Number of protein chains: 2
Amino acid sequence: MIEYIILGFLMRQAMTGYDIKQYMGYSTAYFMDASFGSIYPALKRLTEKGLISLSEVVEGGKLKKVYSITNAGRESFSKWLGSPIEASKNNISGSLTKIFFLSYLPKEQAAALLHGYIRDIDEYRQGLTKLRELVILHANGFELSTLDFGLDYYTFIIDWYSRYLQNL
Amino acid sequence: MIEYIILGFLMRQAMTGYDIKQYMGYSTAYFMDASFGSIYPALKRLTEKGLISLSEVVEGGKLKKVYSITNAGRESFSKWLGSPIEASKNNISGSLTKIFFLSYLPKEQAAALLHGYIRDIDEYRQGLTKLRELVILHANGFELSTLDFGLDYYTFIIDWYSRYLQNL
DNA sequence: GGCGCCATGTAACCAGTTACATGATTGC
DNA sequence: GCAATCATGTAACTGGTTACATGGCGCC
């Protein structure tokens with residue numbers, strides 16, 4: 001996940017590891033805020049894979065490693081961005097990360113992606129309704145309400161993304 | 001987390017590791033579904049800590065390890081259940097796990113817990129509103145909408161738990 | 001005799017976080 | 001001179017998952 005966020009950031013401009021952390025702080029922070037302990041190793045891995053490249057710069061006496069995305073990196077990022085959003089798990093971060101970078105996807109492809117996500121969530125919600133019939137036989141009120149939260153929650157997600165899709 | 005779920009299940013009745021997995025499948029599965037690879041080691045740890053105890057039973061030729069919660073375990077569980085629900089992170093599972101076991105908490109304490117959670121989420125939501133003013137200066141529409149999702153999402157959470165609190 | 005379920009467990013892996021270590025620059 | 005911020009990095013830990021290994025029972 002963190003690797004794709006980094007690629008996404010580098011799509012806009014070259015950055016250092018420190019910059020990336022800073023930028024996260026006032027952009028994706030609320031749904032995704034990685035630590036240096038995951039950013040620096042991720043930059044290392046991405047460089048080894050050839051998806052980004054670095055140039056070492058000395059600025060104000062400090063050594064800076066400025067990373068840029070390569071063509072292979074752009075390709076990898078686009079492939080990931082266009083792939084379906086996983087609906088199965090409580091994965092707000094996963095879906096929001098794609099929304100965040102959606103400007104890098106052609107409009108029709110973005111619409112298709114959201115459409116598929118809404119369909120998958122709806123399917124999952126229907127599965128929950130079936131589960132509810134089973135659970136109601138043995139669960140107490142408290143236990144049942146966690147399931148009802150789930151139903152309401154997925155309804156909210158479906159509504160929100162449907163509205164979002166219309167405004168696209 | 002998994003350790004507290006196990007303690008919660010054992011509050012109701014003694015169970016084997018396999019039972020726990022089964023029971024999760026038709027109760028907490030949609031927000032929390034652990035694998036055997038985390039259940040068995042957790043049972044081992046809980047036993048070592050003295051929070052649960054086991055009796056080995058041979059039933060139908062199969063060796064079963066039936067686990068029961070100890071007094072220390074009950075105490076640990078109640079302490080955890082009564083402690084504040086973390087509002088800071090996208091932690092649906094965390095809050096739902098407590099809702100699921102809320103019947104083990106005295107009504108007033110349950111109400112206080114939910115009340116505190118709603119207050120914390122509301123505070124967090126206000127922080128997001130402030131962040132939005134900052135973000136709007138440099139973000140594009142897609143980037144901003146992830147933040148708007150956050151605002152709508154926390155509004156949903158607040159509404160849901162407020163309604164829940166009233167029906168308690 | 002083979003499939004599906006019951007039942008327990010371990011080893012390797014994963015995607016991160018926390019805490020630590022280092023050192024330079026800027027501003028009071 | 002010392003605190004805050006800039007800047008990079010590693011080691012140990014965390015809380016799991018996946019895949020594997022083992023074996024017995026019931027049923028067709």
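For the numbers below, each heavy atom of this structure counts, side chains included, while hydrogens, waters and symmetry mates do not. Keep in mind that this is a model prediction, so the values were computed, not measured. Throughout, a chain's letter reflects where its sequence line sits, starting with A, and its residues are numbered from 1.
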Within the 6.0 Å centroid threshold, strictly below: F31(A) and F149(B) | no
Y18(B) OH to dG23(D) P, in whole Å, measures 19 Å
Opening and closing nucleotides of DNA chain C in contact with chain B, under 4.0 Å to non-hydrogen atoms | dC6(C) to dT10(C)
Between Y104(B) and R74(B): side-chain donor-acceptor atoms closer than 3.5 Å | no
In terms of heavy-atom contacts, does CD of E86(A) have more than 12 from other residues, nucleotides or ligands at under 6.0 Å?
-> no
Residue pairs passing the salt bridge (Lys or Arg N to Asp or Glu O under 4.0 Å) test with at least one member in residues 94-107 of chain B, sequence neighbours excluded, are none
Check: L7(B) and W80(B) side chains under 4.5 Å, non-hydrogen atoms | no
Can you find a pair of side-chain heavy atoms, one from T155(A) and one from R125(A), that are under 4.5 Å apart?
-> yes
When the ring centroid of F100(A) is compared with that of F142(B), is the distance short of 6.0 Å?
-> no
Residues of residues 31-50 of chain B with a heavy atom under 4.0 Å from any atom of DNA chain D, listed by number, are D33(B), A34(B), S35(B), G37(B), S38(B)
Which whole-number value in Å describes the distance from M1(B) CE to dG16(D) P?
-> 8 Å
Measure from the ring center of Y124(B) to the ring center of Y30(A) and say whether it is less than 6.0 Å.
-> no
Ignoring backbone atoms, test whether K62(B) places a side-chain nitrogen or oxygen under 4.0 Å from the OP1 or OP2 oxygen of dC25(D).
-> no
dA7(D) C1' sits how many Å from Y67(A) OH, rounded?
-> 11 Å
